[in-house]
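Only one structure is covered here, and it is reproduced in the block below.
Along the sequence shown, residues are numbered consecutively beginning with 1.
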Amino acid sequence: MGTSRTYRATGINLKSMPLGESDRIVTLLTKEFGLLRAVAKGARKTKSSLGGRTEPFVVNDLSIVKGRSLDRIAQAETLRSFSGLRSGLAKLTVAQYWAELVLHQALSQQPQEEIFEVLLEHLERLAAARSRAETLPLLGHGIYHLLAIAGVAPQVHRCHYCRCRVGLRDGDVEGDREFLFSPASGGVLCDACELAQRPERISVVSAATLAALQVLPNAELPQPLDDQTSAWLGVEQVLHRTIQYQFDRTIQSSTLVASCFRSHMPVAT
């Protein structure tokens, strides 16, 4: 960061917590220096200029002063606010999920531009989503792309062991065909390799969930998105197991996803 006590960074606020009577500690992802924790003096005061600028998912151009234990945010100029993310539980839950994942995988004291750009891109798509039906697929899409940066995105098209293509046949999605997935084995696997290799932590996924998983590597999701809530919840569960295996961490927002979206599943008749 050089010899100067003051440095500049572009950061996305991931979380914050109160400090003392009026201050706030902000954890942010920056392009230039990765994860940072900094104090925003007086940010909780009613008339503070840093108040709204230290809320989660606000993107700022920052002037930061080095400190002995924690650096201090001296100035913040807001570049993006994504205020719409806080208008509904579904969008806020998805954004918080991504923030937790970034906190697990991003590094400190070194540039994290790729993670920054991917998170920013997916936050923009989430903010622009017009319906709850779009929000849940966007969650899986963002998780997959963040895992891809870390080199741990699961294989969704080919068996990890024999590399044969694990594809869907006509009628699979409407039928009851099931497929096998193992985070420890890197993703989907064929029936033969499941019997031969006996992988750990194996899961069974529906054809609809596999179909959803197989569009995640694409730069953009196909439109329009079908309202397949159960399939996309299955995607989140598969990716959460991958996160748990790869990072030995859990995502607290995962429980919120289940309660938030299951309540909006159609009731079978």
Any [X] side-chain heavy atom under 4.5 Å of [Y] side chain:
{"X": "Val59", "Y": "Thr10", "value": "yes"}
{"X": "Tyr245", "Y": "Val152", "value": "no"}
{"X": "Thr93", "Y": "Thr135", "value": "no"}
{"X": "Leu14", "Y": "Pro56", "value": "no"}
{"X": "Val94", "Y": "Leu85", "value": "no"}
{"X": "Phe116", "Y": "Val102", "value": "no"}
{"X": "Tyr7", "Y": "Asp71", "value": "yes"}
{"X": "Leu101", "Y": "Ile243", "value": "yes"}

When you check the side-chain N and O atoms of [X] and [Y], is any donor under 3.5 Å from an acceptor?
{"X": "Arg24", "Y": "Thr54", "answer": "yes"}
{"X": "Thr209", "Y": "Ser206", "answer": "yes"}
{"X": "Tyr161", "Y": "Glu194", "answer": "no"}
{"X": "His240", "Y": "Ser254", "answer": "yes"}

Inter-residue atom distance [X].[atom1] - [Y].[atom2], 0.5 Å rounding:
{"X": "Gln244", "Y": "Asp248", "atom1": "CD", "atom2": "CG", "answer": "9.0 Å"}
{"X": "Thr30", "Y": "Asn60", "atom1": "OG1", "atom2": "CG", "answer": "12.0 Å"}
{"X": "Ile64", "Y": "Phe33", "atom1": "CD1", "atom2": "CZ", "answer": "7.5 Å"}
{"X": "Leu120", "Y": "Arg125", "atom1": "CG", "atom2": "CZ", "answer": "11.0 Å"}
{"X": "Glu100", "Y": "Ser253", "atom1": "CD", "atom2": "OG", "answer": "3.5 Å"}
{"X": "Glu178", "Y": "Ser203", "atom1": "CD", "atom2": "OG", "answer": "11.5 Å"}

Could you state whether [X] and [Y] fall into the same hydrophobic cluster, counting links through intermediate Ile, Leu, Val, Met, Phe, Trp or Tyr residues with side-chain heavy atoms under 4.5 angstrom apart?
{"X": "Val188", "Y": "Val205", "answer": "yes"}
{"X": "Leu62", "Y": "Ile25", "answer": "no"}
{"X": "Val118", "Y": "Leu107", "answer": "no"}
{"X": "Val238", "Y": "Val204", "answer": "no"}
{"X": "Val166", "Y": "Leu180", "answer": "no"}

How far apart are the closest heavy atoms of [X] and [Y], and which atoms are they?
{"X": "Ser108", "Y": "Leu35", "value": "OG-O, 3.4 Å"}
{"X": "Phe247", "Y": "Ala150", "value": "CZ-CB, 4.2 Å"}
{"X": "His141", "Y": "Ala219", "value": "CE1-O, 3.3 Å"}
{"X": "Leu189", "Y": "Ser182", "value": "CD2-N, 3.8 Å"}
{"X": "Pro154", "Y": "Gly187", "value": "CB-CA, 4.1 Å"}
{"X": "Gln105", "Y": "Ile149", "value": "NE2-CB, 4.3 Å"}

Practice item. Begin with the C-alpha distance, continue with both residues' side-chain angles, and end with the deciding distance and a verdict on side chain to side chain contact (heavy atoms under 4.5 Å, CB included) for Phe261 and Arg132. Key: CA-CA 9 Å; Phe261 289 97; Arg132 182 179 292 268; 3.7 Å; yes
Please confirm whether the backbone N or O of [Y] pairs with a side-chain atom of [X], one donor and one acceptor, at under 3.5 Å?
{"X": "His157", "Y": "Gln214", "result": "yes"}
{"X": "Thr78", "Y": "Arg80", "result": "no"}
{"X": "His145", "Y": "Asn218", "result": "yes"}
{"X": "Ser259", "Y": "Leu256", "result": "yes"}
{"X": "His104", "Y": "Thr250", "result": "yes"}
{"X": "Gln155", "Y": "Arg158", "result": "yes"}
{"X": "Arg53", "Y": "Ala76", "result": "yes"}

Exercise for review: Verify side chain to side chain contact (heavy atoms under 4.5 Å, CB included) between Gln112 and Lys31, making sure each step is shown before the conclusion.
Suggested key: CA-CA 5 Å; Gln112 299 287 272; Lys31 283 184 181 182; over 6 Å; no
Exercise for review: Assess whether side chain to side chain contact (heavy atoms under 4.5 Å, CB included) is satisfied between Thr229 and Leu233, documenting all intermediate values.
Suggested key: CA-CA 6 Å; Thr229 301; Leu233 283 171; 3.9 Å; yes
Salt-bridge test for [X] and [Y]: reply yes if a basic N is under 4.0 Å from a carboxylate O, no otherwise.
{"X": "Arg44", "Y": "Glu21", "answer": "no"}
{"X": "Asp61", "Y": "Arg8", "answer": "yes"}
{"X": "Asp23", "Y": "Lys41", "answer": "yes"}

**Study point:** Atom CD of Gln252 with >12 non-hydrogen neighbours under 6.0 angstrom
**Key:**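 Open.
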Review point. Just wondering, are more than 12 heavy atoms of other shown residues or ligands nearer than 6.0 Å to CD in Gln246?
Key: yes
**Study point:** Pair Tyr97-Glu236, side chain to side chain donor-acceptor pair (under 3.5 Å): steps then yes or no
**Key:** CA-CA 10 Å; Tyr97 197 118; Glu236 185 278 323; 2.7 Å; yes
Review point. Listed by chain and number, what are the side-chain contact (heavy atoms from CB on, under 4.5 Å) partners of Ala74, not counting sequence neighbours?
Key: Ser63, Val65, Arg72
Check your understanding: Out of Asn13, Leu119, Leu123, which residue meets the side chain to side chain contact (heavy atoms under 4.5 Å, CB included) rule with Phe57?
Key -> Leu123
Review point. Going through the distances and angles, do Thr242 and Phe181 end up as a side chain to side chain contact (heavy atoms under 4.5 Å, CB included)?
Key: CA-CA 10 Å; Thr242 300; Phe181 181 94; 3.6 Å; yes
